[in-house]
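First comes the structure, then the notes that go with it.
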Amino acid sequence: MDEAGCVLFWNSACAELYGIASADALGRPLASLLAFEQADEHAAALAEAWRSGRAKPARDWQVNTASGRRLWVNSTLFPVAQDGAVRQMFCVDADITARRIEDEALRAAGANFRQLYLSSADAILMLQGERVTDLNPAALALFKCPQRDGMVGHRLRDFSTQQPPDGEQQAGPPGMDEGGGSLRYDWRFLNCAGEAFWAEVLMTSISLDHGYLFYVVVRDISARKQAERTLHLAAQVFENCRDAIVLTDRERRIIALNRSFTQITGYEAEAMLGQPLQLRRSGEDEHDFQRLVWQEMDANGHWQGEVSARRRGGELFPGWLSLTAIRDNADRVSSYMGMLSDITDRKRDADHTRHLAEHDFLTDLPNRVLLLDRLSLALASARRSHTMLAILFIDLDRFKEVNDTLGHQVGDQLLKEVAARLVKCVRGADTVSRQGGDEFLIILADIGGADQAAHVAASVLGAIAQPFQLGPHALHVSGSVGISLYPEDGDGIEQLINNADVAMYHAKESGRNGFKFFNADMHARIAEREQLESGLRLALREQQFELAFHAEVDIASGAAVGVEALLRWRHPELGLLRPERFMAAAEEAGLMVPIGNWVLQQACRTARRWRDAGHSLVVAVNLSAAQFAQKDLLAVVRAALEASGLDPASLELELTEAIIMKGGNAARSTLDALHGLGVRLTIDDFGTGYSRLGYLKDYPVDKLKIDQSFVATLDGNTAVIGAMIAMARSLDMLAIAEGVETQEQLDFLRSAGCDQYQGYLADAQVQASALGQLLAG
Ligand SMILES: Nc1nc2c(ncn2[C@@H]2O[C@H](COP(=O)(O)OP(=O)(O)OP(=O)(O)O)[C@@H](O)[C@H]2O)c(=O)[nH]1
């Protein structure tokens, strides 16, 4: 170019580069041929080269050619001087368009990659050697690292959870050699907050100009690991579960089973895979049962219940099956899971527990719980079929005495034997139960009539009356039975049982060893009895009792020698009551001892008062069985004597033979002790009891009181009375006859050698005397 910028020389390379022929270029200003993108700068560079005369270092220019091409050229300006002045400018241009485009592309790619790196959701770290040189925001977030410094310069192993016991860092996550391609592994890291997390690490080695760099992508896989662990656990549970587990496909064919399945049933997986799942329950049709189960499965996706499962040997066993439908992501049933537990033992235990709960431990008979259950069933059936049923309430008579005299164990043994006998008295459909104590209850289902119930009651009594041989003891026992009938005596369970109980009570009252049918009057009598009992308690508290005295007269002299104290109850509404009216109630209410003790004390006090008034009379007091059995009887008698100051010889205690016999061996020593006090002893009601005369002579008895029944029927009994008097004499005892009402009776007694008498005649005789007035109060 010349100084004006016009082209002086244009070689073929220029023609090719710019697409302008040499002829078109020569003589024309370069600026008119090529449009430089930075035209001013280019003009300035040219001007500078002219001015300085020094070559301009090469520089890239972007040029637009006349043909519309856009080129990058690397241009160097060489000023050519002549005679010290620059005459021409030599311009060498090299086409660098391709390289610049490549550079541009590379620059753009770099920027993109950086963008990718910064915004990646994956944590990316750059490592040089072992140390972190750079990391993206996702990595900072993943490692919960607030600042880059927290990680840059550190090693990945510094964030490993695996710490050896001595605190030294163990081999951390695997590293890799430079140029080693890539490496993938899972590792458990510890973030900067001290929390552990699972990550998948992808490490790639990148070769750079100045060395190697590791490009590490870290992805949080805690959720996946958790899922894997859950799966692993599920697999372990499946395999180690004690219950048999079976999986089926949608068509209910077995696709898997666990170890317990094999252990419980004996079937190996190979034999079962592909087999249809079969369900059965004992006592039910297999098809009906399966239909029922799968219907419920379809409706609820779940079924559980008892099934009967089969072992390989063919043995059936009770199992508890829990079936569950398993659904896929689309909520379609994909398979079924069945869990089966062997409940043989549990059922056996449950049966045993149930048996215990429903049976009496001693006799193994149904207890009240089971009885009520059976009775409600029997009643329902009787109502439906309009049939009768009977309830027999059985109570042993005086069972307490067996316990008291022979001990509880013999009592228990007796109850067992009675239970066994009762069972034999009834049909299989009937129920015999023990209610507790010595009470048994029998339900006679579907009886033809009351006579059938009476028949069973009689055979029950007959069975109980047979002697029991319990070890060395031969026992004679009786029972009392009350009967209630459905529908006559009630249509509810409680009512029928209560009425049978009431009837039994009346059987007891009527002398025991018998049976009674319930009737409505019985309730009234029971109510009266209950009233009597509470009245008696009140009578004791409010001193409504008093004594009546009956004279005992010496036959030879005609003189009153003593009196018998007899209890009376001045009832506020019913007037003066004799003991026959209320003694049974007193016995039932357990009031015999306090009432008897009151009589004793009162009699002693009265006798002492009479003695002070000049009448020395022996006062006779009746002792009840309950009093005689009291351990403190002696102390009570002594206290009564001391409190009243009565001479013991003025007190006579009357006991029946039965009371003495019942007292067993202890009776003898009690009598001796009483006798030792100086008190006189009389056998009351003589002739009516056991009359084990052989024993009588060994007892310290002073007097025999001949029962009034003999005197009342004197004609037929003269010989008996004579024998009794003779016996008394031979035993060195006095004889006294009671219930003497006529002179003939008295005359006979006198002729028979009887010592004393009492009764209407005796009372009449003393009535007029001073003593009579005293006795009348
Ligand atoms: N051996 C034994 N005795 C029991 C058992 N349960 C209760 N008893 C006793 O049985 C007796 C029941 O007596 P009751 O029925 O009230 O009276 P009883 O002596 O039979 O007289 P009555 O029924 O009036 O004829 C009580 O003494 C209880 O202590 C038991 O399991 N074994």
Side-chain angles (χ1 to χ4, degrees), residues 356-371 391-423 432-442 457 460-465 467-483 497-516 518 522 525-526 529-530 532-533 536 582-593 624-631 658-659 661-664 666:
L356 287 182
E358 293 184 334
H359 289 78
D360 168 39
F361 70 99
L362 183 66
T363 60
D364 208 34
L365 287 179
N367 62 13
R368 196 170 168 83
V369 175
L370 186 53
L371 174 104
I391 293 178
L392 271 55
F393 203 116
I394 301 152
D395 187 293
L396 298 184
D397 295 334
R398 311 241 185 264
F399 175 67
K400 189 170 177 301
E401 286 173 17
V402 176
N403 273 340
D404 291 349
T405 52
L406 302 174
H408 227 256
Q409 270 182 333
V410 176
D412 283 356
Q413 197 58 36
L414 176 64
L415 292 173
K416 282 199 215 174
E417 298 272 332
V418 168
R421 289 189 191 180
L422 293 182
V423 170
V432 179
S433 82
R434 178 170 174 239
Q435 297 293 287
D438 60 347
E439 291 177 356
F440 297 86
L441 217 140
I442 296 181
V460 160
L461 290 174
I464 295 174
F468 290 88
Q469 189 65 45
L470 304 177
H473 311 285
L475 279 169
H476 294 266
V477 183
S478 65
S480 300
V481 181
I483 307 169
I497 294 179
N498 275 346
N499 288 346
D501 190 5
V502 165
M504 185 280 293
Y505 185 82
H506 280 268
K508 291 256 180 208
E509 265 205 330
S510 314
R512 295 183 165 80
N513 193 20
F515 65 86
K516 279 266 185 273
F518 171 77
M522 288 177 171
R525 277 154 59 198
I526 294 244
R529 163 65 61 88
E530 279 166 1
L532 263 184
E533 285 185 18
L536 280 168
F582 59 84
M583 275 329 243
E587 196 176 344
E588 199 63 40
L591 294 173
M592 291 304 279
V593 172
S624 67
Q627 275 178 292
F628 192 63
Q630 289 296 300
K631 292 208 164 51
I659 292 176
M661 294 308 155
K662 229 182 286 170

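Residue numbers count from 1 along this sequence. Computed from a predicted model, the values in this text were never measured in an experiment. As the structure lists them, so they are numbered: ligands from 1, and atoms in each ligand from 1. Excluded from the calculations below are hydrogen atoms, water molecules and symmetry mates; all remaining heavy atoms, backbone and side chain alike, are included.
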- Item | Protein residue, atom and distance nearest to atom 21 (O) of ligand 1, heavy-atom basis | Arg398 N, 3.4 Å
- Task: Name the closest protein heavy atom to atom 16 (O) of ligand 1, giving the residue it belongs to and the distance to 0.1 Å.
- Result: Asp438 OD1, 5.0 Å
- Query: Tell me, do Gln469 and Pro467 make a side-chain contact under 4.5 Å, heavy atoms counted?
  - Reply: no
- Axial cation check for Tyr505 ring with Arg529, 6.0 Å and 45° limits: no
- When distances are taken from atom 7 (C) of ligand 1, the protein heavy atom at minimum range is Gly437 CA, 3.2 Å
- Message: Measuring from atom 25 (O) of ligand 1, which candidate in Glu587, Lys508, Lys416 has the nearest non-hydrogen atom?
- Response: Lys508
- Message: Looking at every heavy atom in both Phe468 and Val418, which two are closest together, and how far apart are they?
- Response: CZ-CG2, 3.6 Å
- Message: With the threshold set at under 4.0 angstrom, would you say Arg434 reaches ligand 1 through any of its heavy atoms?
- Response: yes
- Message: Within the protein, is there a heavy atom lying under 4.0 Å from atom 23 (O) of ligand 1?
- Response: yes
- Message: I need the nearest protein heavy-atom contact for atom 11 (C) of ligand 1: residue, atom name and distance, please.
- Response: Phe399 CD2, 3.7 Å
- Task: Side-chain contact test, heavy atoms from C-beta onward, threshold under 4.5 Å: evaluate it for Arg512 versus Arg398 and give yes or no.
- Result: yes
- Message: Quick check on contacts: which atoms of ligand 1 are under 4.0 angstrom from a heavy atom of Gly411?
- Response: 1 (N)
- Item | ligand 1 contact on Asp412 by region, counting heavy-atom pairs under 4.0 Å | both
- Task: Check for a donor-acceptor pair, side chain of Arg421 on one end and backbone N or O of Ala463 on the other, with a separation under 3.5 Å.
- Result: yes
- Task: Verify the distance criterion only: is there a donor paired with an acceptor across the side chains of Asp397 and Ser480 at less than 3.5 Å?
- Result: yes
- Taking all atoms of both residues into account, what is the closest heavy-atom pair of Leu365 and Ala419, and its distance? CD1-CB, 3.6 Å
- Query: Which part of Glu439 is near ligand 1, with near meaning a heavy atom under 4.0 Å away: side chain, backbone, both or neither?
  - Reply: neither
- Item | Sub-4.0 Å atoms of ligand 1 with respect to non-hydrogen atoms of Asp395 | 15 (O), 20 (O), 23 (O)
- atom 27 (O) of ligand 1: which protein heavy atom is closest, and how many Å away? Lys400 CG, 3.4 Å
- Query: Out of Val460, Leu371, Val423, which residue meets the side chain to side chain contact (heavy atoms under 4.5 Å, CB included) rule with Ile442?
  - Reply: Val460
- Task: Using a 4.0 Å heavy-atom threshold (strictly under), name the region of Leu396 that reaches ligand 1: side chain, backbone, both or neither.
- Result: backbone
- Is there a donor-acceptor pair under 3.5 Å between the side chain of Asn367 and the backbone N or O of Leu370? yes
- Which atoms of ligand 1 have any heavy atom of Asn403 under 4.0 Å away? 1 (N), 2 (C), 3 (N), 4 (C), 8 (N), 9 (C), 10 (O)
